[in-house]
> 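Could you have a look at this structure, given as structure tokens, before my questions?
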Amino acid sequence: MPDYQAILEQIHEGVLSKAPEGCVASYIPGLANVSPDKFGIHLHTAEGGDFAVGDRNESFSIQSITKVLLLAMAVSSQGRKIWKRVGVEASGTPFNSLVQLEYERGIPRNPFINAGALVVCDFLLGLYDDPKADFLKFVRRISGVSTINYDESVARSEREVAYRNVAMLNLMKDFGNIHNNVETIIDFYCAACSVTMSCRELSRTFAMFMRHGRLESGEEILSIGRAKRINALMQTCGFYDESGEFAFRVGLPGKSGVGGGIVAVYPGKYSVAVWSPPLNEKGNSAAGCLALELLTDLTGTSIF
Ligand code: GLN
């Protein structure tokens, strides 16, 4: 096994010594005041080992990372039905783009761009009476942390500026791919994006994908086949129009969020979460991508 702790410390020093790149997301007012200097990593191995550096115990807004958990909840409840309403192809467009939706008649390319995650939220609203409460229960069960919660002020501040997401919902409703009230979907989506977790909690939550759909106790949340498909989507679509570059540089399935978090998974080996708020022009954590590139290079552990 590589000396993960020594390698994480080397990565931390390497990232600190570089001039910071990128900008903290400010289009959601509730995220604008996070310090750009925060940096943490937590790596959790299949054998139960934990290795960490920096601000790994501080909670941050997981934002789009939540889309993987929304999809896991939808797939674990209703198997295949969701795939009639959302595709499984890389979009090659930014996370909040509207252009493809018109050409492709209201069917989003994949569940990890905003339009796709909004369809997943609509789908869950059709399955659960109170999906907001049930999603939180689902996340708490997978993470094993009963205190994980929504950040109501971040959710509220996103709802107030959700013009693009509302536009996507209305366009998809016109094509017949949205069934519930737009306001109700936005409320659920913004709450789901506002979940806060630390790197430690995030890497342990995503250990389910590292364990092919099982919790540490052995309990199955997703079948091996469903876990495979979600990991494949993280590989091909987890970083929007930078998914190819992430595969090229890092070589692991993963997902980013505009809160500066990135989580990545090596099935059967480890799950790792990094947090650094400044984002590159594609909306992914600049130092987070670099840290994970160094991790897979220095440990020789990419899936490729
Ligand atoms: N809540 C954010 C939004 O809808 C999530 C985007 C992201 O993290 N890429 O814009």
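Being a predicted model, the structure only gives us computed values, none of them experimental. Note that ligands are numbered from 1 as they come in the structure, with each ligand's atoms numbered from 1 the same way.
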> Please identify which atoms of ligand 1 are closer than 4.0 Å to at least one heavy atom of C193.
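That gives atoms 1 (N) of ligand 1.
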
> Specify the protein heavy atom at minimum distance from atom 6 (C) of ligand 1: its residue, its atom name, and the distance to 0.1 Å.
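The closest one turns out to be S64 OG, 3.0 Å.
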
> Between F39 and H12, is the ring centroid distance below 6.0 Å?
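Yes - the distance between ring centres of F39 and H12 falls below the 6.0 Å cut-off.
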
> With no hydrogens and no angle check, just 3.5 Å: does a side-chain donor-acceptor pair link Y189 and T66?
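No.
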
> Compute the shortest N/O to N/O distance between V258 and ligand 1 and return yes if it is under 3.5 Å, no if not.
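Yes, there is a polar N/O contact under 3.5 Å.
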
> Which of the atoms of ligand 1 are close to E158, meaning less than 4.0 Å from one of its heavy atoms?
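Those of ligand 1 that fall under 4.0 Å from E158 are 1 (N), 2 (C), 3 (C), 4 (O), 10 (O).
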
> Run the numbers on E245 and R249 for salt bridge (Lys or Arg N to Asp or Glu O under 4.0 Å), then give the verdict.
CA-CA 6 Å; E245 178 146 351; R249 287 175 55 192; 3.8 Å; yes

> Below 4.5 Å, heavy atoms only, C-beta onward: do H42 and D50 meet side chain to side chain?
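Heavy-atom side-chain distance check passes, below 4.5 Å.
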
> Can you tell which part of N165 has a heavy atom less than 4.0 Å from ligand 1: side chain, backbone, both or neither?
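Side chain only.
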
> What residue and atom, counting heavy atoms only, is the protein's closest point to atom 10 (O) of ligand 1, and at what distance?
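Looking only at protein heavy atoms, the one closest to atom 10 (O) of ligand 1 is Y27 OH, 2.6 Å.
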
> Does the residue N114 have a heavy-atom contact with ligand 1, meaning some pair of atoms that are separated by less than 4.0 Å?
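Distance cut 4.0 Å: N114 passes for ligand 1.
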
> Enumerate, atom names and distances included, each donor-acceptor pair closer than 3.5 Å involving a side-chain atom of residues 21-36, sequence neighbours excluded.
unit_1	atom_1	unit_2	atom_2	d
E21	OE2	K18	NZ	3.4
S35	OG	D37	N	3.1

> Which is it for N57 and R200 under the side chain to side chain donor-acceptor pair (under 3.5 Å) test, yes or no, and what are the steps along the way?
CA-CA 6 Å; N57 290 322; R200 178 184 172 85; 4.9 Å; no

> Would you mind checking which non-hydrogen protein atom is closest to atom 4 (O) of ligand 1, with the distance to 0.1 Å?
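Sorting protein heavy atoms by distance from atom 4 (O) of ligand 1 puts Y189 OH, 2.6 Å first.
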
> Check ligand 1 against G257 and write out every atom of the ligand that is under 4.0 Å from a heavy-atom position of the residue.
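The atoms of ligand 1 under 4.0 Å from a heavy atom of G257 are 8 (O).
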
> Is there any side-chain hydrogen bond (donor to acceptor under 3.5 Å, both in side chains) pair reaching into residues 260-273, and which pairs are they, with sequence neighbours excluded?
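Matches after skipping sequence neighbours: Y270-T301.
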
> Using a 4.0 Å cutoff against the non-hydrogen atoms of Q63, which atoms of ligand 1 qualify?
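That gives atoms 1 (N), 2 (C), 5 (C), 8 (O) of ligand 1.
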
